[in-house]
There are 2 protein chains.
Amino acid sequence: MAVDSEQVLRSAAALLTRKSTATMDEVAKAAGISRATLHRHFAGRDALVRALESLGIAECEAALDAARTEEGPAADAVRRLVRAMEPSAALLALLYTENQLFEGEEQNEGWARIDAGLTALFRRGQESGEFRIDLTPAWLTEALYGLLASGAWAVAEGRVARNDFTHMIVELLLGGALRREEP
Amino acid sequence: MAVDSEQVLRSAAALLTRKSTATMDEVAKAAGISRATLHRHFAGRDALVRALESLGIAECEAALDAARTEEGPAADAVRRLVRAMEPSAALLALLYTENQLFEGEEQNEGWARIDAGLTALFRRGQESGEFRIDLTPAWLTEALYGLLASGAWAVAEGRVARNDFTHMIVELLLGGALRREEP
DNA sequence: CCGGAGTGAGACAAAGTTGTCTCATGTGGG
DNA sequence: CCCACATGAGACAACTTTGTCTCACTCCGG
């Protein structure tokens, strides 16, 4: 029967998140298919990683759209965004730490669009007075990626309850990004 | 002349932070030595990675000691700690994402001691009323690691000024960890 | 000046990974 | 029922990386 390529990608992401140097054979076994079939769907390791990147970008952009980051208070938009990104967190953690993606060649333009969307959200929050201005939008974007990765990792290791994922990230990130009330 | 092993480790850390799959030959070239000499100092790739881990643990413990995390307000202790950890951030980022270290075998006990020290600090801050209690010490510890890694990465990529490193991390982390003033 | 220690360069086999191919199976649709 | 198609299993060569070894060179101290 036909193999579900996206299913294969998801199991590959789950495995590579734990062991980034996993063999094509290990990836295939984790997906419950043979190495030959894996190779029929993804020409090689590069193609597999690039497919994972495309999937991650697609999910990120979908989350950005679903969160309607340009509507309402920026803080609420961040909450919606993190909630929307939660299912993709493990995949994002993999891609975020897979620095070899940016090895030499130009990075996928999708990331630039996503970065722009995130940066714009944080900048909007600053301009509306919700967020403090001493933390740059670029840093807040980077920190969001880092916290998503840390959260996914902590959940996978059992150090944080899965249900607390969004709360932990949003509260830590916003607590820092939200301007303090005057004492 | 005798090769400085620690110097080799530092350049290896810098390279592996950018490209975690770098070859022993690449590591040697980055250190300005031959592969043969690299092999004389570190029996193999495993030994090299384990030496990097030991160096990271030693620097972390030194930072924990230097920051005197049990003295004064917990928030100030966190500030001192991040400042003390800044020089080790790139190495920590490498080790944090090098999940293959924990592949199967038991992890180095040093990490347990460091985790305990960090967790105790955050717990102390909670008990003194400085930090909010809805973010668990385990998560704050994880988030600290993640932000250190993100910060090191952002600085390396030029997205954050090196001088802002400590400020960005401390302000974001503490802003979330510090209990809000009553409105 | 000389000897030894440390190094660089390169050769070499062993091991692992990858990409490709073939062949048998079995499964679903016509 | 039967055929086409996707798959699983395995073989195979090519490539990369690794670990080891040898040899020549250099530099420093005695």
Side-chain angles (χ1 to χ4, degrees), chain A residues 1-56 91 94-95 97-105 107-108, chain B residues 1-56 91 94-95 97-105 107-108:
Chain A
M1 68 205 69
V3 166
D4 181 355
S5 280
E6 182 162 327
Q7 190 73 12
V8 173
L9 280 181
R10 300 222 167 266
S11 69
L15 173 61
L16 292 174
T17 297
R18 297 193 304 273
K19 188 182 181 206
S20 60
T21 61
T23 304
M24 291 292 276
D25 196 62
E26 294 174 294
V27 172
K29 276 187 173 49
I33 63 177
S34 72
R35 195 164 67 94
T37 302
L38 175 62
H39 223 273
R40 289 186 188 104
H41 285 265
F42 304 99
R45 193 189 186 75
D46 284 358
L48 176 66
V49 175
R50 231 165 296 169
L52 283 171
E53 187 184 27
S54 294
L55 179 61
L91 176 55
L94 163 66
L95 297 172
T97 61
E98 198 77 359
N99 40 30
Q100 77 193 70
L101 281 178
F102 319 122
E103 183 65 19
E105 64 262 40
Q107 57 178 324
N108 191 312
Chain B
M1 65 202 69
V3 165
D4 182 354
S5 280
E6 182 161 328
Q7 189 74 10
V8 173
L9 279 181
R10 301 222 167 266
S11 69
L15 173 61
L16 291 174
T17 297
R18 296 194 303 274
K19 188 184 181 204
S20 60
T21 61
T23 305
M24 291 292 276
D25 196 63
E26 294 174 295
V27 172
K29 277 187 171 49
I33 63 178
S34 73
R35 195 164 67 95
T37 300
L38 175 61
H39 221 274
R40 288 186 189 105
H41 285 265
F42 303 100
R45 193 189 187 75
D46 285 358
L48 176 66
V49 174
R50 231 165 295 169
L52 283 171
E53 188 184 27
S54 294
L55 178 62
L91 176 56
L94 163 65
L95 296 173
T97 61
E98 197 78 359
N99 40 28
Q100 76 192 74
L101 281 178
F102 318 123
E103 183 66 19
E105 65 260 41
Q107 57 177 328
N108 192 312

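A note on names: the letters A, B, ... follow the listed sequences, proteins ahead of strands, and every chain is numbered from 1. Owing to the predicted nature of the structure, the values given are computational and were not obtained by experimental measurement.
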* Asked: What residues, two or more places apart in sequence or in another chain, satisfy side-chain contact (heavy atoms from CB on, under 4.5 Å) together with B:E26?
  ->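 Counting only residues at least two positions away or on another chain, B:E26 forms a side-chain contact (heavy atoms from CB on, under 4.5 Å) with B:L15, B:K19, B:A22, B:T23.
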* Can you name the residues that form a side-chain contact (heavy atoms from CB on, under 4.5 Å) with B:S11, not counting sequence neighbours? ->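 B:S11 satisfies side-chain contact (heavy atoms from CB on, under 4.5 Å) with B:A31 only.
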* Quantified as the angle between the terminal helix axes (five pairs each), what is the overall bend of the helix from C:dC1-D:dG30 to C:dG30-D:dC1 to 10 degrees? ->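 Computed angle between terminal axes is 20°.
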* For the atom pair CG (B:L48) and CE (B:M24), what is the distance rounded to the nearest 0.5 Å? ->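 With rounding to 0.5 Å, CG (B:L48) is 5.5 Å from CE (B:M24).
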* Can you measure from CZ (B:R50) to CZ (B:R45) and round to the nearest 0.5 angstrom? =>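 Going from the CZ atom of B:R50 to the CZ atom of B:R45 covers 12.5 Å.
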* **Members of residues 28-38 of chain A that approach DNA chain D, where some heavy atom sits under 4.0 Å away** =>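 The stretch gives A:G32, A:I33, A:S34, A:R35, A:A36, A:T37 as the residues lying under 4.0 Å from the strand, ordered by number.
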* Candidate nucleotides C:dG8, C:dG19, C:dT17, ranked by approach to the side chain of B:R40 - the nearest ->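 Minimum distance to the B:R40 side chain belongs to C:dG8.
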Quickly work out the [X] [atom1] to [N] [atom2] distance and round it to whole Å.
X     : N      : atom1 : atom2 : value
A:D46 : C:dT18 : CG    : P     : 11 Å
A:H41 : D:dG8  : NE2   : C1'   : 13 Å
A:M24 : D:dT16 : CE    : C1'   : 16 Å
B:E26 : D:dT17 : CD    : P     : 7 Å
B:L48 : D:dT18 : CG    : P     : 10 Å
A:Q7  : D:dT7  : CD    : P     : 14 Å
A:F42 : D:dT7  : CZ    : P     : 12 Å
A:D25 : D:dA11 : CG    : C1'   : 14 Å

* **Side-chain (A:T17) to main-chain (A:A13) donor-acceptor, under 3.5 angstrom** =>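 Yes, because the side chain of A:T17 sits within donor-acceptor range (under 3.5 Å) of the backbone of A:A13.
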* Qualifying residues under salt bridge (charged side-chain N to carboxylate O under 4.0 Å, His left out), relative to A:R40, sequence neighbours excluded ->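 A:R40 satisfies salt bridge (charged side-chain N to carboxylate O under 4.0 Å, His left out) with no other residue.
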* To do: Kindly write out the residues that satisfy side chain to side chain donor-acceptor pair (under 3.5 Å) with B:S54, not counting sequence neighbours, or none if the list is empty.
  =>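 Partners of B:S54 under the side chain to side chain donor-acceptor pair (under 3.5 Å) test: none.
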* Identify the heavy atoms of A:G56 and A:L95 that sit nearest to each other, and give their distance. =>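 Minimum heavy-atom contact is CA-CD1, 3.9 Å.
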* Check A:S5 against A:F42 and note the closest heavy-atom contact, atom names and distance. =>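 The answer is O-CZ, 4.1 Å.
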